[in-house]
Amino acid sequence: MPVASQSPTKAVTIERFIVEQERLLPHATGDLSDILYDIALAAKMISSKVRRAGLSDILGAAGNENVQGEMQQKLDVIANEIMVQALEAGGRLCAMASEEEAEIIPIPPSFRTGKYVVVFDPLDGSSNIDVNVPVGTIFSVLAKRQSAPHGELGDFLQPGHQQVAAGYVIYGSSTMLVYTTGQGAHGFTLDPSIGEFLLSHPHIRTPSAGKFLSVNDSYEALWSEPVKSLMRRYRGLEGGHKAKNVRYVGSLVADFHRNLLAGGVFCYPPNAKSPKGKLRLLYEGNPMAFIVEQAGGAAIDGERRLLSIEPTELHQRAPLYIGSRDDVALAAEVLGMTGALA
Ligand code: P6P
């Protein structure tokens with residue numbers, strides 16, 4: 001697909017890019033495009049809050065716990081409200097779901113409903129907020145599957161390969177939005193001087209083998225022997241593999257984004273205390289897996305392709321090995337996975 005020119009005089013806004021992509025799909029109605037516009041607006045609003053967090057006395061915990069039992073940060077609550085308000089009125093959704101809310105979020109009766117659902121983590125890595133480490137927003141869009149007019153839990157419990165769009169925003173040294181609709185993975189950088197996301201990384205391709213390993217090895221004593229062996233191989237201590245540089249921010253979006261662009265593998269293995277690991281499937285693993293596969297990478301849970309998992313719960317967790325294809329293939333081999341990577 002021809003990608004609009006990258007010359008500075010022909011800056012391509014995310015809105016224009018979305019329209020160009022929509023034109024490639026004859027059956028497209030524009031509903032998905034409208035959802036992506038709304039998410040881009042929410043991203044600008046959250047970015048503005050995050051950029052001023054240290055100045056607006058909104059740092060620190062909100063004083064209550066979320067459904068995950070984690071102390072909610074004030075920005076978690078604000079980001080969640082921004083996402084809900086940006087999406088509920090557009091008439092494109094029949095429901096939403098959020099890491100911050102135990103149950104699905106219905107569309108208020110005053111608004112029309114549509115044929116999609118969106119599930120999101122409004123501010124992933126929020127424990128890093130007070131120390132100015134990059135955080136992010138992650139989202140996944142699915143087509144409604146149940147027949148009822150309003151969204152139901154079943155509309156969300158679909159395997160990740162059913163996603164129609166997925167993306168993330170990283171609030172880092174710059175604010176970037178990366179998304180896919182299945183036509184490649186594309187990155188946009190926010191120019192705060194004009195308030196526009198401009199195409200900066202068209203058709204992202206992740207290196208087949210990466211130089212980075214992202215894992216929290218404080219859990220090493222709790223890992224299985226195959227996982228321990230895999231990490232020794234990534235570190236060049238076993239099997240004659242080239243040692244990778246360990247880079248672990250503790251913020252999925254930051255670790256994933258660096259590895260996506262530079263090549264590498266992010267691992268959150270199961271451990272004796274958390275047999276499914278920590279990361280949530282629907283709004284952390286699946287959206288990242290859709291993006292990485294579109295960029296030529298892979299994502300597994302150690303037993304199967306991540307996007308093939310049939311979810312049974314909204315907030316279910318899944319182990320995650322995601323990034324450069326050859327690095328994930330090594331994980332599949334060492335962990336004894338038999339199915340295809342993708
Ligand atoms: P740990 C942040 O809380 C998060 O959900 C992800 O963004 C991050 O990758 C992970 O947890 C870090 O978890 O156990 O290494 O602190």
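Remember, predicted model here, so these are calculated numbers, not experimental data. As the structure lists them, so they are numbered: ligands from 1, and atoms in each ligand from 1.
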Could you list which atoms of ligand 1 come closer than 4.0 Å to a heavy atom of [X]?
X: G250; result: 2 (C), 8 (C), 12 (C)
X: G125; result: 2 (C), 7 (O)
X: D124; result: 5 (O), 6 (C), 7 (O)
X: E284; result: 5 (O)
X: Y268; result: 1 (P), 13 (O), 14 (O), 15 (O)

Query raised in the report: Between H203 and H186, is the ring centre distance below 6.0 Å?
Result: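 Yes.
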Query raised in the report: Looking at the rings of H241 and Y234, which for Trp means the six-membered one, are their centres under 6.0 Å apart?
Result: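 H241 vs Y234: aromatic centres not under 6.0 Å.
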Query raised in the report: Among F256, F266, Y248, Y219, which residue places a heavy atom closest to atom 14 (O) of ligand 1?
Result: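 Nearest heavy atom to atom 14 (O) of ligand 1 lies in Y219.
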Query - Listed partners of Y283 passing ring pair (Phe, Tyr, Trp, His ring centres under 6.0 Å), at least two apart - result: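 Y283 satisfies ring pair (Phe, Tyr, Trp, His ring centres under 6.0 Å) with H315 once adjacent residues are dropped.
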Query raised in the report: So, for R317 and G277, which heavy atoms are closest and what is the spacing to 0.1 Å?
Result: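 It is CD-O, 3.5 Å.
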Report task. Before accepting this row, confirm whether a basic side-chain N of the pair E152/R145 lies closer than 4.0 Å to the acidic partner's carboxylate O. Result ->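 Answer for the salt bridge query: no.
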Query raised in the report: Is the shortest N/O to N/O distance between N216 and ligand 1 below 3.5 Å?
Result: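 In this structure, N216 places an N or O atom under 3.5 Å from an N or O of ligand 1.
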Query raised in the report: Which one holds for L252 and ligand 1: side chain close, backbone close, both close, or neither close, with close meaning a heavy atom under 4.0 Å?
Result: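 Near ligand 1, L252 shows its backbone as well as its side chain.
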Query raised in the report: Using a distance-only test with no angle check, is there a side-chain donor-acceptor pair under 3.5 angstrom linking S274 and Y219?
Result: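 No, Y219 and S274 have no side-chain donor paired with an acceptor closer than 3.5 Å.
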